[in-house]
Structure formats: C-alpha cells, structure tokens
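Read through the structure below, which is laid out as structure tokens, and then see the notes.
Letters A, B, ... mirror the listed sequences (proteins, then strands); counts begin at 1.
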Protein chains: 2
Amino acid sequence: MTRAERSDAARNRAAVLVAADELFATVPEPARLSMDDVAAAAGVGKGTLFRAFGNRAGLLQALWQRRYEPLRDAIESGPPPLGPETNPRQRIAAILDAILVVKLDNRHLTLAVEERSGGTSLYGQPQYQLVHQLLCDLVRATGGGGDSELLAHLLLAAVRADLLTHLASRQGISRRRLRADLASAVDLVLEAADASPPSD
Amino acid sequence: MTRAERSDAARNRAAVLVAADELFATVPEPARLSMDDVAAAAGVGKGTLFRAFGNRAGLLQALWQRRYEPLRDAIESGPPPLGPETNPRQRIAAILDAILVVKLDNRHLTLAVEERSGGTSLYGQPQYQLVHQLLCDLVRATGGGGDSELLAHLLLAAVRADLLTHLASRQGISRRRLRADLASAVDLVLEAADASPPSD
DNA sequence: TGTCAACCGGGCTGTCGGTCCGGATCGCAA
DNA sequence: TTGCGATCCGGACCGACAGCCCGGTTGACA
C-alpha cells in the first residue's frame, strides 16, 4: 500500500522543482547541469533528490510536465483555436505554434528533455505519443493523401528542441520569423495533403 | 609543421576503424559502447585511440564519413538520379531516399553520431550543413513558396536517425514501407511548394 | 647501426549518475 | 505531552566512463 507522502518530503520535492527550474533558466549549458548541482541549489541532499524523482529523466519529466500541462489542457478541452471545436487545419497550425512557443520559452529544459540518453528516446515518451496520436487523427480528418502517421511525425519534427535552438540561438532568427515560417510550412504541407486525396 | 604519419600509427588507425565498425554493427545499445571497449576490440591502447581521433565524437565522425562518402560523391558528381543533372524535384527525392537507406543500414552508428552530447548538435555538423545547403538550393529551384531554409530542415528531419530507428526497430515498419511513405511525403511537400508560388 | 622524434599502452584523474545506511523527523495514538 | 515506528534525510560511497600523462618502445632516416 502506498502511504500518503510525508509533509517534509512534499516540501523538499517542491523546493527541488523551484530550484531546478531556476537553474535551467539561468545555466548556459543544460547538459552540464548535474544532479549534485540541483540538490545543492535546492538545499537538499542527493538521496532526497533521487528518492523524489527516481533519476535524472524523472526530474526532467516532472519539470517539463509543469510547463506543458496548461497547453495540454487547452488542447484537450479549451476554447478555439487550440480546443477540439476548431477545424482540423487551423487546429493543427495552432497546436504546433503553441508548442513552438513553449519550447522556445523553455529552451534549455526542452533540450535536456529531448536529449537522447540511455534507452530513452523522444519517440518513446508518452507525451510525444499522445500529441502524435492527436495530430494523426487531425491530419486524417483533413482528408489529404499520404501516410498520416509519418506526416504527423514530420510536423512534430519541425518543432524539435535542437532544431529550434539552432535556428533561434545559433542563427539568431527571431521568434516572430520562426512562427511565421513554421505557419507557412505547416500550411503548405496540409494544403498539399488536402489537394491530393488518397489515390484509390 | 605536420610530419607524415608513421606507419604503425596508420595501421592502428585502420584497425580501430575496422573494429569499431564491427562493434557498432553488433552491439545492441550504441550509447553504452565505451572507448575502452573499442580500444580493447582493436587490440590497441586507449592512448592510441584518443591520439588518433581526438575524442569520441572524432571517432564517430570518422566512422560515419567512411559510410557517407560514397553517397556524397554520387550526389556531387554522379549520374542521375542522385547527380546534378537530375531535375530538382526528383533529385531531392532521390537524395532523401538514399540517406534513408544509408542511415537504416547503419542504424546504431548514425544514432550515436546524431546523439546530442556536450556542445555538439546535429545542426552544427558540417556534413549536415552541406546537405542542408544543397537541399535549400534545390527547393528554391523548384520555384515553390515557403521558406526554403526551414523546408530543407523539415525534409532532413524526416530522416533523422532516432525517428527512423523508432519506426523501423521499435514499430517494426518495413524498409519498403518506410521508403514508400517517405517518397510520398516528400512528393507531397514539394508538390505543394510547386503549386503555391511566392506570394509577392 | 645509431639516434631521436613519434608513438604506444594502460594506469590515473575528475566527473557524474545512482545507491546505501545511520540518524533525524514526522505523524499518530494514548 | 510523550512514546514509537515508519518514513525520510543527507552525504559518503560506488561503478562507469571520457580524457590525460608518462615511461618505455618502435619506426624513419642517415
């Protein structure tokens, strides 16, 4: 039986989340942020840190979840243009744009989350599989041709953290320009899918 | 002044390349392949290994270069459909298809090469930037709308090692199916770009 | 064959993710 | 308030791994 979490454990967990958030926002190279650093910044022992989150990936997931949850809720049950009432074409565009913005706002964190390490891959994360499934359905609903699964992967590949970071930080492309270009690219893909119905 | 490489150094370098190639082909989890393993398999000391390739990334680059070179040559100066005489649309499709095949054939290696570690990113590699530049030009030559830079990134994102590995190894999608789906997706994107000329 | 620079090997170091366990703390009950 | 057991804390500890170092060796050339 799982007992209720003790109050000091909850307090420490919260402290870690706050401190880690702060660290990821300020540190220049997220890959070099060690668990010891996080523990020290949170004023907590390493044992506590690992008991609360299991491992590094667990901590990153927890941090990312906090950032992503509002967007997920808006997509699942919010008002247009993210919510389910929007027509598929516009909804896809709105979702990808929102993801772009969130990832840009949390560049370091998303970079670390999507980093492939050990046996984990971006494509194995439940978060990814959920949004991919949704995009699949939406793409199919636009009635276009092509394989909807691969198309959905393609659309999501456009907002991968390392690509965004390269374009924004390394190449200095502005957020406005990025959003506009993404929107036009998405539109282009969907327009084509729309214009070429299944061949049979 | 850089002196000529001594013969034993050249021999050892070759031995390492052979042994590492073999290891990457057989080992199940490429991320867990340590430099010590490579050195041991090549029958060479660790010092030799690091002197020859600088660091892990250098070794991976050298391995990947050997695999990628034939394709690069075929693209730069070979016969159609990869060579420069082909029309842009078909050439883009041919290039992406060839990349897909090479990456699938060297799954573990490409996975390790594209792995983000330290300050390196796929998008910072000269190999990537070269093929991206070429695709940019080709996309622009098709005369379609949209930002050619982002479009080229999108096309290349379709053949990223982790995505291919997920589709092929994790989901069990056949190579034939993968190639067909990629071809249709590429065609779809380019068709749309073709059909919607620049807005001004 | 002698000489010396280049090279070899593998032991060593620093770092980091993750574990362990003696001691402190919390929650509850009387 | 006090007693008690389960839960939690903290930081020392471990194993793995990238990369460095240096005494001994070997190839190149006269």
Side-chain angles (χ1 to χ4, degrees), chain A residues 1-20 23-24 27-63 108-109 111-113 115-120, chain B residues 1-20 23-24 27-63 108-109 111-113 115-120:
Chain A
M1 292 299 102
T2 60
R3 294 266 284 231
E5 189 180 36
R6 240 170 63 175
S7 69
D8 50 349
R11 196 174 345 115
N12 280 329
R13 180 185 175 87
V16 166
L17 285 175
V18 169
L23 276 185
F24 268 108
V27 94
E29 193 59 56
R32 317 206 56 169
L33 185 61
S34 72
M35 296 295 271
D36 300 69
D37 293 339
V38 173
V44 144
K46 241 175 113 178
T48 307
L49 181 52
F50 278 92
R51 199 172 320 101
F53 298 97
N55 52 29
R56 184 184 170 89
L59 172 62
L60 292 174
Q61 277 298 321
L63 287 169
H108 294 166
L109 176 59
L111 216 44
V113 168
E115 191 150 354
R116 181 187 185 80
S117 71
T120 70
Chain B
M1 290 298 104
T2 60
R3 292 267 283 235
E5 190 180 35
R6 239 170 61 175
S7 68
D8 51 349
R11 196 173 346 116
N12 280 329
R13 181 186 174 86
V16 166
L17 285 176
V18 170
L23 275 186
F24 268 108
V27 94
E29 192 60 56
R32 315 205 57 168
L33 185 61
S34 72
M35 295 297 272
D36 300 69
D37 293 340
V38 173
V44 143
K46 249 174 99 174
T48 307
L49 181 52
F50 277 93
R51 198 171 322 100
F53 298 97
N55 53 29
R56 184 185 170 88
L59 171 61
L60 293 174
Q61 276 298 319
L63 287 168
H108 294 164
L109 176 59
L111 217 44
V113 168
E115 192 150 353
R116 170 178 263 278
S117 71
T120 70

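Residues B:F53 and B:L17 meet the side-chain proximity criterion, which asks for heavy atoms closer than 4.5 Å. Contact of the A:E115 side chain with the B:E115 side chain is not registered, since no non-hydrogen atoms from C-beta on lie closer than 4.5 Å. Looking at heavy atoms from C-beta onward, B:F50 lies out of side-chain contact with B:L59 at the 4.5 angstrom threshold.
Look at CD on B:E29: it is 12 Å from P on D:dC17, rounded to the nearest Å. Here D:dC8 presents its P atom at 7 Å from CD of A:E5, a figure rounded to the nearest Å. We find that CE of A:M35 is positioned 16 Å from P of D:dG11, with the value rounded to whole Å. Atom-to-atom, CG of B:L49 to P of C:dC8 comes out at 11 Å; the value is rounded to the nearest Å. To the nearest angstrom, C1' of D:dG19 lies 13 Å from CZ of B:R56. Atom P of nucleotide D:dC8 and atom CG of A:D8 are separated by 7 Å, given to the nearest angstrom. At whole-Å resolution of the value, CZ in A:R11 and C1' in C:dG27 are 13 Å apart. Per the geometry, CZ belonging to A:F50 stands 14 Å off P belonging to D:dC9, to the nearest Å.
Neither OP1 nor OP2 of C:dA6 sits under 4.0 Å from any side-chain N or O of B:R6. For A:R51 and D:dC8, the shortest distance from a side-chain N or O to OP1 or OP2 is not below 4.0 Å. Phosphate contact (OP1/OP2 of D:dA16, side-chain N/O of B:S34, threshold under 4.0 Å): absent. A sub-4.0 Å separation between OP1 or OP2 of D:dC8 and a side-chain N or O of A:T48 is absent. A close approach under 4.0 Å does not occur between any side-chain nitrogen or oxygen of B:N12 and OP1 or OP2 of C:dC7.
Closest approach of B:T120 and B:R116 over heavy atoms only: O-CG, 3.6 Å.
Put simply, the side chain of A:K46 and the base of C:dG18 share a donor and an acceptor less than 3.5 Å apart.
Residue A:G43 is the one, among A:G43 and B:R32, whose nearest nucleotide of DNA chain D lies closer to the 5' end (criterion: closest heavy atom). Across the interface with DNA chain C, nearest-nucleotide mapping of A:S7 and B:G45 shows B:G45 to be the residue nearer the 5′ end.
Side-chain N or O atoms of B:H108 include one that pairs as donor or acceptor with a backbone N or O of B:V27 at under 3.5 Å.
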